[in-house]
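All chains are named by letter (A, B, ...) in the order of the sequence lines, taking the proteins before the strands, and each is independently numbered beginning at 1.
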There are 2 protein chains.
Amino acid sequence: MKTLSQTEENYLKEIFHLSTAVEDRVSTNSLAARLNSKASSITDMLQKLADKGFVEYVKYKGCFLTELGESIAIQIIRKHRLWETFLVNKLNFGWEEVHAVAEQLEHIDSLKLIDSLDHFLNYPKFDPHGDPIPDKNGNIVYRESILQLIEVAPNSLVEVVAVSEDSLALLKFLEQHGLRLESELEILEKYPFDESMRIRSAKGEEINLSKKVAENIRVKFLAKI
Amino acid sequence: MKTLSQTEENYLKEIFHLSTAVEDRVSTNSLAARLNSKASSITDMLQKLADKGFVEYVKYKGCFLTELGESIAIQIIRKHRLWETFLVNKLNFGWEEVHAVAEQLEHIDSLKLIDSLDHFLNYPKFDPHGDPIPDKNGNIVYRESILQLIEVAPNSLVEVVAVSEDSLALLKFLEQHGLRLESELEILEKYPFDESMRIRSAKGEEINLSKKVAENIRVKFLAKI
DNA sequence: TTTAATTTTTAGGTTTGTCTAAAAAAATTA
DNA sequence: TAATTTTTTTAGACAAACCTAAAAATTAAA
């Protein structure tokens, strides 16, 4: 397997972060913002990454990682988080000063190094920021973390665990659509213009939720669909 | 202080090695050989490094490091040797497999990181190859009474203390014949025609070493036999 | 639905670090 | 010392990764 440039690795990593946290297809502009470069540079690079089989890219439609691209991105994230753990646990760095150094260390290319480090650190599951460390095979154990529904990306399956607003009307509305505690729902689409979202309830009903509503529903992430 | 590119750092490091070990003024060609590139590329870069004040360079006459260039080179070597020590002492790498990884790690830019690592390793004075580790201020403690094996007379018993060449092939060769650090060996005979020598390892095996190899093994004199 | 605004792409440059081929200088040899 | 060989430099190109400015596509608004 040929090795990627640091720049290419950073692109894959950011596409991964954006597509799990924010958008299903990652737009040129949002990548440009994350990578501190211009949209035209992003377009250039996306075309190259698509040629090499790391991303799917359609002009004007944004991109997402291929299986290959995703597995590479995950390994970079694994390295990043293991190094952060090393810096904090062994070298007594503060957890806020590790990021910049880990950004460099994550590009060191040696499988033996990273596996030895993992062993040396006793196979930690989470980094100093609480983020999960992917294992050698790229499996990521997501912590049972509670999110606002509005933060969840499309095509995610989540479980309702709480509703923070004490509005009787809201609770009734949710009840009517089968959105009660412990029920599952699927995020279908997010509309950036008003930050509303379309979801499918456990019953199969499709429902539109406004920003206000989606902010007040707390969910546990279950899976990507 | 602006940071140098990895390429620039590698140039300074090689100029340092060549000018302390081989030639006073480093020639374009010898740099080209060490850096695996063409003489014309070296010329280009030397002109840039001279402009930036890292080397003194006179056309057709070769180059040497300025005080600034040398202090940078020494810090890179410090990082390289500290990382090698980390890999061997903490991650249980073999001393012959550390070089390639340390070549990458030596370019990580963080003063805090390298000083913390130094502390974590307990301020080691020598790396796994027996080479001295420069301290924070760039001071290098050269070991006394250490000779190149090639300088030692027949019928001497010596102890291997360092291997100066970072050649994986050489390190493997030595490892295979039981010539590791702290092992003893006996010089049996020297052949003037090609400056090779015959030695007996600690295991009792008789081995012929070329001039090139014998130059790169550093030993401590123990006794006449 | 037509216009206006925004996003994205294309076209053409720049810098870094490399290369090959040819020219120039230095060193060696006869 | 003149001729030859070796070393080094110059000149011109190329790929990676970026940029600006302008064009094209998409999205939003009137």
Side-chain angles (χ1 to χ4, degrees), chain A residues 2-15 18-19 22-64 72 76 103-104 107 109 189-196 198 211, chain B residues 2-15 18-19 22-64 69 76 103-104 107 109:
Chain A
K2 56 185 173 290
T3 65
L4 308 209
S5 71
Q6 294 201 182
T7 307
E8 289 172 318
E9 291 192 347
N10 284 333
Y11 271 77
L12 297 186
K13 188 183 58 168
E14 291 306 338
I15 294 168
L18 286 172
S19 58
V22 185
E23 6 174 45
D24 209 41
R25 284 189 97 92
V26 177
S27 73
T28 301
N29 257 10
S30 54
L31 259 178
R34 288 279 296 218
L35 291 166
N36 286 314
S37 49
K38 295 301 154 80
S40 55
S41 310
I42 305 296
T43 301
D44 262 20
M45 182 59 100
L46 287 182
Q47 288 168 344
K48 286 176 196 161
L49 292 175
D51 286 348
K52 295 181 180 177
F54 302 128
V55 304
E56 298 279 338
Y57 165 66
V58 179
K59 266 191 192 180
Y60 296 103
K61 299 288 174 197
C63 69
F64 57 91
I72 294 169
I76 299 160
E103 287 284 296
Q104 297 178 63
H107 300 294
D109 176 35
E189 204 168 345
K190 294 175 82 168
Y191 305 104
F193 50 91
D194 66 350
E195 294 180 71
S196 72
R198 189 161 56 88
K211 180 188 181 191
Chain B
K2 55 184 175 291
T3 66
L4 309 207
S5 72
Q6 293 201 181
T7 307
E8 290 173 317
E9 291 192 347
N10 283 332
Y11 271 76
L12 297 186
K13 187 183 59 168
E14 291 307 338
I15 295 167
L18 287 171
S19 58
V22 184
E23 6 174 45
D24 210 40
R25 286 190 95 93
V26 177
S27 74
T28 300
N29 258 8
S30 53
L31 260 179
R34 287 281 295 216
L35 292 166
N36 287 315
S37 51
K38 295 301 154 77
S40 55
S41 310
I42 305 297
T43 301
D44 264 20
M45 182 58 100
L46 287 182
Q47 289 168 345
K48 286 174 195 162
L49 292 174
D51 285 348
K52 295 180 180 177
F54 301 129
V55 305
E56 298 279 337
Y57 166 66
V58 179
K59 265 190 191 179
Y60 296 104
K61 298 290 174 192
C63 71
F64 57 90
I76 299 161
E103 286 283 294
Q104 298 179 63
H107 300 294
D109 178 33

For the side chain of B/K38, counting heavy atoms from C-beta on, which of C/dG17, C/dC19, D/dT8 is nearest?
C/dC19
Once you apply the 3.5 Å cut-off to both distances, tell me the Watson-Crick or G-U wobble partner of C/dT16, or none.
D/dA15
Pick base, sugar-phosphate or nothing for A/T28, based on heavy-atom distances below 4.0 Å to the nucleic acid.
sugar-phosphate
What is the separation between atom OH on A/Y57 and atom P on C/dT10, rounded to the nearest whole Å?
6 Å
In whole Å, I'd like the distance from the CG atom of B/N36 to the C1' atom of C/dG17.
15 Å
Using a 4.0 Å heavy-atom cut-off across all strands, classify B/S37 as base, sugar-phosphate, or nothing.
sugar-phosphate
Check every strand shown and say whether B/T7 touches a base, only sugar-phosphate, or nothing at a heavy-atom separation below 4.0 Å.
sugar-phosphate
Is any side-chain heavy atom of A/I15 less than 4.5 Å from a side-chain heavy atom of A/F54?
no
5'-most by nearest nucleotide on DNA chain D - A/K59 or A/K52:
A/K52
Closest nucleotide among C/dA11, C/dT18, C/dT8 to the B/D44 side chain
C/dT18
With a 4.5 Å limit on heavy-atom distance, are the side chains of A/V58 and A/R25 in contact?
yes
Side chain of B/K48: nearest nucleotide among C/dT10, D/dT9, C/dG17?
C/dG17
Would you mind reporting whether A/Y57 and A/T43 have side-chain heavy atoms less than 4.5 Å apart?
yes
Could you state the CZ-P distance from B/R25 to C/dA26, rounded to the nearest angstrom?
13 Å
By the 4.0 Å heavy-atom rule, please label B/Q47 as base, sugar-phosphate, or nothing.
sugar-phosphate
Roughly how many Å is it from CG in B/D51 to P in C/dT16, rounded to a whole number?
11 Å
Picking from C/dT18, D/dT10, C/dA26, the nucleotide nearest the side-chain atoms of B/Y60 would be C/dA26
Atom-to-atom span, CD of B/Q6 to P of D/dA17 - whole angstrom
13 Å
Does any donor-acceptor pair link the side chain of B/S27 with the base of D/dT7 at a separation under 3.5 Å?
no
Of the nucleotides C/dT8, D/dC18, C/dT16, which one has an atom closest to the side chain of A/S41?
D/dC18
Closest to the side chain of A/N29, out of D/dA21, C/dT18, C/dT7, is C/dT7
Sub-4.5 Å side-chain heavy-atom contact between B/N29 and B/I42:
no
